[in-house]
Amino acid sequence: MSSEQNELIKRRLEELNEIREMGINPYPHNYEVTAKASTVINSYKDPVDDDEALKRKDNIVSVAGRIMSIRKMGKASFCHIIDDTGKIQFYIKKDEVGEKQYSLFKLLDIGDIVGVKGYAFRTKTGEISIHAIEIKILTKSIKPLPVVKEEITESGEKVIHDAFADVELRYRQRYIDLIVNENVRSTFIKRTKIIQAIKRTLEEENFLEVETPTLQTIYGGANAKPFSTHHNALDIQLYLRISNELFLKRLIVGGFERVFEFVKDFRNEGIDRTHNPEFTQVEWYQAYGDYFNSMDLFEKIVERAAISANGTTKIVYQGVEIDLKRPWKRLKMVDVIKDKTGIDVQNTALSELIDYIKSNQINFDPAIASNKGLITATLFDECCESELIQPTFVIDHPIDTTPLCKPLREYSPAQLQEMENDPEQIIFVERFEPYINGWELGNSYTELNDPVLQRRLLEQQVERGRGGEEETHPLDEDFINAIEIGMPPTTGAGLGVDRLVMLLTDSHSIRDVILFPLMKPIIKP
RNA sequence: GGGGCCGUAGCUCAGUGGUAGAGCAUCUGCCUUUUAAGCAGAGGGUCGAUGGUUCGAAACCAUCCGGCCUCACCA
């Protein structure tokens with residue numbers, strides 16, 4: 001329906017004109033706000049002492065906000081407005097504000113933004129409100145807002161009626177969602193608190209916040225399909241980063257011993273309730289540390305983020321109780337597989353593993369059938385991952401899962417060489433993935449800094465890509481050059497911020513924790 | 001990309017082949033401490049889009065658009 005035809009909009013445009021005819025600017029340039037909704041309410045918490053203060057009526061405040069409800073009773077009315085601290089009621093009486101002010105008030109609608117000057121009082125029903133002595137229109141809204149009603153039952157429970165619930169409209173017009181759905185506002189405030197807590201923890205540990213390119217000529221650092229784009233002046237193909245790992249390691253080579261970065265990563269893959277094409281990660285790299293240091297820091301960061309958002313390490317995610325309190329369980333991948341399937345992968349022939357996978361109809365990429373390490377990883381992904389509900393670090397992954405991680409320190413050079421030539425042997429690397437609620441929440445390594453092994457592993461991966469395996473990445477010569485210059489012993493970790501926010505806010509979909517999730521455009525015929 | 005479900009007033013939803021409905025919001029009147037305010041009345045629709053079946057379609061069929069769930073891919 002076009003805006004000209006809608007009677008609700010027409011009516012509001014008429015009101016707009018009437019306000020202008022009264023000589024009032026419906027879109028003034030500023031307003032002096034002297035108090036916030038929540039501070040007014042919180043200053044009169046004490047029902048005995050504060051009632052004395054309320055009777056004085058000399059504490060004049062000016063609050064500003066959007067009208068959310070109007071209850072007119074002839075020559076007096078009550079309204080609720082919200083500002084960024086919450087909701088407050090004001091009371092306006094014709095006798096007190098005069099004819100012109102009350103006429104202006106009658107031209108206001110739900111959704112308009114007003115400034116209210118007055119004194120605090122307690123209503124008959126006990127609600128701290130503002131008794132208006134002057135009202136000012138700050139912005140006239142010409143489109144109707146969904147009307148959401150709140151009821152406080154006798155038992156004190158809050159019941160929402162007619163909630164603005166259309167998921168599609170909520171995501172497409174998030175501004176409306178934020179206005180009318182208080183829980184949405186609180187989710188995104190928590191998101192900010194979580195990010196602040198992560199930053200604060202890293203800064204306290206002397207990590208330096210840095211920035212690396214989003215547009216890259218070569219992508220790497222993760223196994224994912226990239227978005228590609230084109231630079232006109234240089235006439236070259238560019239990729240949106242899938243990870244910032246390789247750049248942060250270059251900075252460790254450059255002598256910054258502790259760095260971190262919050263980034264948007266972009267992956268050109270499927271969309272579902274735990275995947276958005278652009279998502280936020282924080283990665284940090286620490287020279288002279290190993291993956292045990294990263295585990296300690298990881299669980300510390302998550303614990304503090306939880307306390308910062310909710311005041312507790314205990315969460316309930318979609319009905320499942322989870323405690324994020326340190327320390328978390330640390331289990332070797334092979335032990336988890338043994339526990340869940342009974343298979344001791346190290347003492348089981350590759351052919352038997354394949355038989356197991358086939359007879360249990362487990363999904364796997366046939367291109368990896370000759371790789372015992374990747375078969376082991378598949379067994380873990382398919383049989384174990386979803387059962388790791390309480391926080392668990394799954395440590396020591398097969399070397400074939402990543403070319404960027406150091407083999408276990410217990411291997412001697414001779415042993416490594418022997419294992420490499422035996423397809424029945426699995427070399428494990430110092431990698432961990434933290435699992436919560438069956439989700440992989442991050443990834444961490446004792447970083448590989450042996451330049452010869454680094455080159456070989458990256459080249460092998462390129463080879464595997466040519467062999468038909470998907471989502472391996474091209475060779476980044478400059479990255480290898482940096483490792484050849486020499487990177488100190490280093491540990492690095494990445495944390496999926498969106499998923500952490502989902503857990504800490506009990507959000508069902510990643511789209512509930514991203515302000516503007518990607519939506520398909522609506523094409524009008 | 002496959003499969004399932006969904007799309008009706010500004011919002012939340014009824015409506016299974018026979019004149020398009022309710023609550024809230026809007027408008028008119030009454031109401032000077034209300035709070036899902038109340039009382040009386042009124043207006044508001046391309047039923048996601050396009051074709052088809054039918055005497056007759058919001059409903060049945062097909063295609064398309066968008067969303068949700070799920071599987072595949074992945075974090």
Side-chain angles (χ1 to χ4, degrees), chain A residues 1-3 5-12 14-15 68-80 87 89-97 102 109-111 121-127 129 131 141-153 158-173 176 180-181 222-225 242-243 265-281 363-365 381 385 433-435 438-443 470-471 494-500 502 508-511 517 519-525:
Chain A
M1 177 174 300
S2 76
S3 51
Q5 291 168 333
N6 187 297
E7 64 159 306
L8 300 174
I9 294 164
K10 225 153 99 183
R11 172 67 197 158
R12 283 173 176 232
E14 282 163 17
E15 286 167 346
M68 298 305 287
S69 64
I70 303 176
R71 289 175 295 283
K72 284 182 190 164
M73 296 164 303
K75 297 179 182 68
S77 304
F78 283 93
C79 290
H80 273 107
K87 195 163 70 169
Q89 183 175 248
F90 73 82
Y91 175 60
I92 181 163
K93 197 157 67 159
K94 192 174 176 181
D95 283 358
E96 252 158 287
V97 296
Y102 204 73
D109 292 294
I110 289 171
F121 77 113
R122 196 186 298 275
T123 65
K124 268 185 188 166
T125 48
E127 182 171 348
S129 309
H131 197 123
S141 162
I142 61 164
K143 278 199 172 173
L145 220 49
V147 180
V148 177
K149 299 221 171 185
E150 249 177 44
E151 181 187 8
I152 311 291
T153 60
K158 192 192 273 186
V159 184
I160 311 281
H161 297 275
D162 297 335
F164 177 55
D166 186 311
V167 176
E168 185 178 353
L169 279 179
R170 285 184 43 229
Y171 295 155
R172 287 191 194 276
Q173 301 182 45
I176 294 175
V180 302
N181 290 325
N223 296 331
K225 291 178 196 133
I242 58 169
S243 158
D265 285 338
F266 304 86
R267 300 193 183 170
N268 208 339
E269 287 155 1
I271 299 174
D272 62 31
R273 79 180 188 93
T274 58
H275 297 84
N276 193 62
E278 56 175 308
F279 64 102
T280 304
Q281 277 223 105
N363 258 308
F364 83 112
D365 180 356
D381 288 347
E385 219 180 78
E433 287 179 331
Y435 283 87
W439 296 347
E440 191 185 329
L441 211 73
N443 184 22
E470 283 195 358
E471 293 180 14
L495 187 166
V497 173
D498 308 288
R499 285 190 184 176
L500 179 61
M502 284 175 73
H508 175 257
S509 165
I510 195 168
R511 294 177 151 196
M519 300 295 284
K520 260 188 141 171
I522 298 169
I523 297 149
K524 292 200 171 147

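First the proteins, then the strands, lettered A, B, ... as listed; each starts at 1.
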Answer with base, sugar-phosphate or nothing: what part of the nucleic acid does [X] contact at a heavy-atom distance below 4.0 Å?
{"X": "A:Glu15", "answer": "sugar-phosphate"}
{"X": "A:Gly496", "answer": "nothing"}
{"X": "A:Arg71", "answer": "base"}
{"X": "A:Asp498", "answer": "nothing"}
{"X": "A:Phe279", "answer": "base"}

Whole-angstrom distance between B:rC61 and B:rU53, as gauged at atom P: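 Between the two P atoms, the distance is 15 Å.
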How about [X] and [Y]: does a side-chain donor come under 3.5 Å of a side-chain acceptor?
{"X": "A:Gln89", "Y": "A:Arg71", "result": "yes"}
{"X": "A:Glu150", "Y": "A:His161", "result": "no"}
{"X": "A:His80", "Y": "A:Glu127", "result": "yes"}

Is there a donor N/O on one and an acceptor N/O on the other, under 3.5 Å, for the side chain of [X] and the base of [N]?
{"X": "A:Asp272", "N": "B:rC73", "answer": "yes"}
{"X": "A:Glu168", "N": "B:rG66", "answer": "no"}
{"X": "A:Glu96", "N": "B:rU32", "answer": "no"}

Scan every strand shown for a Watson-Crick or G-U wobble partner of [N], both distances under 3.5 Å, and answer none if you come up empty.
{"N": "B:rA58", "value": "none"}
{"N": "B:rC5", "value": "B:rG67"}
{"N": "B:rC11", "value": "B:rG23"}
{"N": "B:rG17", "value": "none"}
{"N": "B:rU28", "value": "B:rA40"}

Does [X] make a side-chain N or O approach to OP1 or OP2 of [N] shorter than 4.0 Å?
{"X": "A:Lys149", "N": "B:rA37", "value": "yes"}
{"X": "A:Lys520", "N": "B:rG66", "value": "yes"}
{"X": "A:Arg511", "N": "B:rC68", "value": "yes"}
{"X": "A:Arg170", "N": "B:rG67", "value": "no"}
{"X": "A:His508", "N": "B:rC69", "value": "yes"}
{"X": "A:Asn363", "N": "B:rA72", "value": "yes"}

Choose from [options] the nucleotide whose nearest atom is closest to any side-chain atom of [X].
{"X": "A:Tyr91", "options": "B:rA36, B:rU32, B:rG10", "value": "B:rU32"}
{"X": "A:Leu169", "options": "B:rG10, B:rC11, B:rC31", "value": "B:rC11"}
{"X": "A:Arg273", "options": "B:rC69, B:rU34, B:rA36", "value": "B:rC69"}
{"X": "A:Gln89", "options": "B:rU34, B:rU12, B:rU26", "value": "B:rU34"}
{"X": "A:Phe164", "options": "B:rU34, B:rU26, B:rU12", "value": "B:rU12"}
{"X": "A:Lys75", "options": "B:rA75, B:rC11, B:rC31", "value": "B:rC31"}
{"X": "A:Arg11", "options": "B:rC27, B:rC73, B:rC11", "value": "B:rC27"}

Pair A:Arg172 + A:Glu168: basic N to acidic O under 4.0 Å: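 Answer for the salt bridge query: yes.
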Heavy-atom pair of closest approach, residues A:Glu385 and A:Tyr435: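 Closest pair (atom of A:Glu385, atom of A:Tyr435, distance): CG-CE2, 3.0 Å.
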